[in-house]
Amino acid sequence: MLWLTIALLSQATLISYFLKTLLPLGKDLYAYNIEDIILTVQSSGQLNFLTIGGGIVLCVLLFFIFNLANKYLVFSSKMGLIFTITMYWFLILLYFIPIRDSNKLDDVKTNIQLNKSKYLSEQSFDYFMFNNEYYFDFYLRSLSDILFVKKELVDPSYPFLHKADYPDVLSPYFDSLSAPPDIVFVLIESLGKAYSGKAAYLGSFTPFLDSLESHSLVWTNAISSTGRTFGIMPGLLAGLPFGERGFQELYQDFPHHETFLSVLHDNGYESSFFIGSDVNFDHEKEFLEYADVSQIIDINRFDPKYKKMPATNGFTWGYGDKEIFNNGLSLFPKSNEKPQLGIFQTVTSHDPYLVPERDYYLRKFEEHLDTYLNLTEAKKPEYRAYQDIYMTILYADDAVKDFITSYSQRPEFANTIFVFTGDHRLPDIPMASRLDRFHVPLIIYSSLINKPTYFKGMTSHFEVTPSLLAFLQAQIGIQLPEQTIWMGQVLDTSRVFQSNIAMPLMRNKNQLMEYINRDYFLSDNQLFVISDGLNIDPVEDEDMKNKLIGEFEDFKNKNNYTIQTRKLLPLD
């Protein structure tokens with residue numbers, strides 16, 4: 001009776017989690033400590049008197065029903081044995097029922113069909129049985145024969161270490177620089193390409209960023225390296241492997257590594273990081289400190305005049321995006337003697353999606369449906385179902401608008417390069433495909449750009465660091481390390497769709513389940529071909545599938561070797 005009650009409550013909890021995220025809970029359950037789990041549940045508004053009280057009442061009710069059944073439904077030993085065997089066979093058959101031709105279903109429909117308890121048990125078995133295996137005889141070879149950048153792997157005991165000549169692909173689009181430029185990254189929480197920018201298939205909810213595109217370099221087929229926030233900085237600012245649960249989880253004993261931040265620090269730059277929440281979450285603080293960031297401003301270092309975001313059940317992530325930018329601008333640059341690197345990470349467009357100035361943004365949302373998206377009345381209910389989410393995107397866009405407007409009044413604006421991107425596409429609105437969750441805007445904006453262009457070449461966050469460093473070396477002669485561990489290539493400036501990248505993707509912490517090689521995409525052991533707009537279609541090609549599986553296993557083997565040996569980049 002006790003175990004049956006636990007099983008029913010577990011299944012109900014897993015279904016509730018799926019209804020909230022549209023994703024089944026898997027091995028990512030083991031990626032967070034108990035404090036992070038409590039914080040995440042609090043932020044979603046699920047940990048409240050109603051849910052806790054409801055759970056207690058449900059437990060009492062189940063025990064009462066089972067006790068009544070045990071008291072009044074009395075079977076003979078033979079009948080009880082037959083009933084028990086029948087039920088066990090039913091459960092076994094139910095467990096092994098396959099999903100109906102999942103290649104023909106979109107991800108949401110596939111996930112709806114999943115037995116949530118079965119999925120978690122399989123993921124748990126895989127995590128505890130095979131998580132730390134590796135073999136030293138991984139292939140010490142490069143994929144350079146098929147990619148743009150030729151990487152020369154130099155040491156078998158450091159499997160990611162290489163020498164490479166990363167070409168400067170950005171200078172043709174810029175005026176010649178007369179001084180080291182300031183560089184500002186704006187990392188926008190949950191900003192997916194599905195609802196931002198040109199050809200956003202849900203329609204764009206970022207009118208200001210859309211207006212910047214005509215003055216910018218824009219990659220319409222850009223992807224993040226992970227499906228959650230934990231990977232944005234290691235991917236964008238360092239091109240690092242994932243470790244077991246994301247690179248930042250190696251914080252207690254980081255493998256030695258370089259980042260965009262540390263390389264610029266060695267070349268005389270001063271860096272600052274700004275966020276409205278707790279920088280300790282996902283161990284961002286340790287990552288930034290290792291990279292020699294000059295100042296870190298988080299929830300604990302805001303002027304008292306700023307007001308936090310609305311709370312749910314007494315919990316709030318911290319300060320909204322407008323406050324993040326305003327507070328940051330009052331502290332940036334830290335000094336005027338050195339060139340500056342600034343990183344602003346937003347937080348408002350995150351579950352539970354409580355927008356400041358709600359009445360104003362509710363009106364703005366309705367106006368946006370009418371005047372910007374030109375939707376019919378029949379279409380509007382689809383968007384109103386997610387209005388809280390869309391309002392936070394509109395708010396984030398307004399915050400960026402205020403930020404750029406204020407920054408443009410500064411003299412250093414003329415020599416500043418801005419990089420805008422999202423950390424991932426939010427999962428709460430149904431996704432078009434498995435690749436959609438990684439599809440994010442990538443915009444480089446500056447008054448130094450003399451040839452604004454849209455690019456269709458597929459690229460990723462991994463390509464940003466090597467491309468910007470090659471650009472700065474060509475323009476102002478910064479010194480770069482001779483040996484690197486950047487996993488990326490360079491930003492693809494093709495104006496027609498093509499893909500010259502090969503990389504793994506980490507869906508959630510502990511879920512290294514996707515791999516890309518050029519225009520092929522391997523996901524959950526299924527092969528797809530990628531086309532413009534990052535649409536994917538299933539394809540039957542066993543030779544190509546086996547090739548990608550081999551490359552993916554080779555990466556995972558090197559990744560696990562690095563976790564256990566901490567051999568990533570040799571110390572000088």
Side-chain angles (χ1 to χ4, degrees), residues 21-23 106-108 110-111 186-206 209-210 213 216-232 235-236 346 349-350 386 389-390 393 396-397 419-444 454-464 488-489 491-492 494 496-508 511 513-524 526 528-538:
T21 66
L22 298 182
L23 298 169
D106 63 39
D107 278 353
V108 174
T110 300
N111 289 334
V186 179
L187 315 180
I188 303 175
E189 173 66 38
S190 301
L191 186 66
K193 189 68 181 69
Y195 38 83
S196 176
K198 183 180 181 181
Y201 70 83
L202 291 174
S204 179
F205 284 80
T206 56
L209 280 174
D210 297 352
E213 288 189 354
S216 305
L217 306 180
V218 183
W219 283 265
T220 60
N221 292 303
I223 57 174
S224 60
S225 59
T226 63
R228 294 288 188 183
T229 308
F230 67 88
I232 178 67
L236 185 72
T346 74
S349 41
H350 190 291
Y386 303 102
I389 297 174
Y390 287 128
I393 301 298
D397 186 66
V419 180
F420 298 94
T421 192
D423 52 357
H424 58 84
R425 188 244 209 241
L426 58 84
D428 305 72
I429 299 174
M431 292 177 281
S433 73
R434 299 177 190 183
L435 192 54
D436 191 18
R437 70 179 303 143
F438 302 96
H439 193 183
V440 294
L442 179 58
I443 302 169
I444 296 179
Y454 283 93
F455 304 113
K456 291 191 174 184
M458 189 172 175
T459 197
S460 78
H461 282 169
F462 282 164
E463 278 68 61
V464 173
Q489 296 284 301
L491 294 166
D492 194 330
S494 172
V496 296
F497 178 77
Q498 65 178 27
S499 176
N500 287 303
I501 60 176
M503 62 180 293
L505 302 171
M506 183 171 266
R507 188 184 300 180
N508 292 306
Q511 289 187 315
M513 304 173 71
E514 276 91 9
Y515 182 78
I516 289 173
N517 186 318
R518 307 194 87 167
D519 55 352
Y520 287 97
F521 176 54
L522 181 70
S523 175
D524 287 336
Q526 297 179 34
F528 301 84
V529 64
I530 308 170
S531 57
D532 189 20
L534 300 192
N535 299 302
I536 60 172
D537 295 293

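Because only heavy atoms are used, hydrogens play no part in the values below, and waters and symmetry mates are left out as well, while side chains stay in.
- Formation of a donor-acceptor pair under 3.5 Å by the S349 side chain with backbone atoms of I393 is not found in this model.
- Closest approach of E189 to T346, counting heavy atoms only: N-OG1, 2.9 Å.
- Panel note: side chain T226, backbone M506; no donor-acceptor pair is recorded below 3.5 Å.
- Distance check: L534 CG to F438 CZ gives 11.5 Å after rounding to the nearest 0.5 Å.
- For the pair I501/E463, a side-chain contact is recorded, criterion being any heavy-atom separation below 4.5 Å from C-beta on.
- Minimum interatomic distance between L191 and D423 (heavy atoms only, all atoms of both residues): N-OD1, 4.2 Å.
- Every residue two or more places apart in sequence or in another chain that forms a side-chain contact (heavy atoms from CB on, under 4.5 Å) with N535 is listed here: S531.
- Within the 3.5 Å criterion, the main-chain N or O of L209 finds a donor-acceptor partner in the side chain of D397.
- Among residues two or more places apart in sequence or in another chain, the side-chain contact (heavy atoms from CB on, under 4.5 Å) test is passed with D436 by A194, Y201, R425, M431, A432, S433, H439.
- Taking CD from Q489 and OG from S499, the interatomic distance works out to 10.0 Å, rounded to the nearest 0.5 Å.
- With D524 contributing its side chain and Q526 its backbone, the two residues share no donor-acceptor pair below 3.5 Å.
- For T220 (side chain) and F455 (main-chain N/O), a donor-acceptor pair under 3.5 Å exists by modelled atom type.
- The shortest non-hydrogen separation linking D428 to Y386 is O-CE2, 3.5 Å.
- Contact annotation: the side chain of P441 never approaches that of F420 to less than 4.5 Å [non-hydrogen atoms, C-beta and beyond].
- In this structure, the side chain to side chain donor-acceptor pair (under 3.5 Å) partners of T421, at least two apart in sequence or on a different chain, are H461.
- Interatomic distance, CD1 of I530 versus CZ of F521, reported as 7.0 Å (0.5 Å rounding).
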- [ ] Using the side chain to side chain contact (heavy atoms under 4.5 Å, CB included) rule, take L522 and E514 through it: C-alpha gap first, then chi angles, then the decisive distance, then the call.
- [x] CA-CA 6 Å; L522 181 70; E514 276 91 9; over 6 Å; no
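- Looking at every heavy atom in both residues, A502 comes nearest to Y515 through CB-OH, 3.9 Å.
- Rounded to the nearest 0.5 Å, atoms CZ (F205) and OH (Y390) are 5.0 Å apart.
- Residues that satisfy the side chain to side chain donor-acceptor pair (under 3.5 Å) test with S204, not counting sequence neighbours, are T206, D210.
- Expressed to the nearest 0.5 Å, how far CD1 of I443 lies from OH of Y454 amounts to 8.0 Å.
- Among residues two or more places apart in sequence or in another chain, the side-chain contact (heavy atoms from CB on, under 4.5 Å) test is passed with S225 by F242, F462, M503.
- Across all non-hydrogen atoms, the minimal contact from R437 to G227 is NH2-O, 3.6 Å.
- Summarising the geometry, atom CD1 belonging to I223 is positioned 9.5 Å from atom CG belonging to N221; distances are rounded to the nearest 0.5 Å.
- Every residue two or more places apart in sequence or in another chain that forms a side-chain contact (heavy atoms from CB on, under 4.5 Å) with A222 is listed here: W219, L442, T459.
- Contact detail for M458 and I516: the closest heavy-atom pair is CE-CD1, 3.5 Å.
- Using a distance-only test at 3.5 Å, with no hydrogens or angles considered, no donor-acceptor pair links the side chain of Q498 to the main chain of G457.
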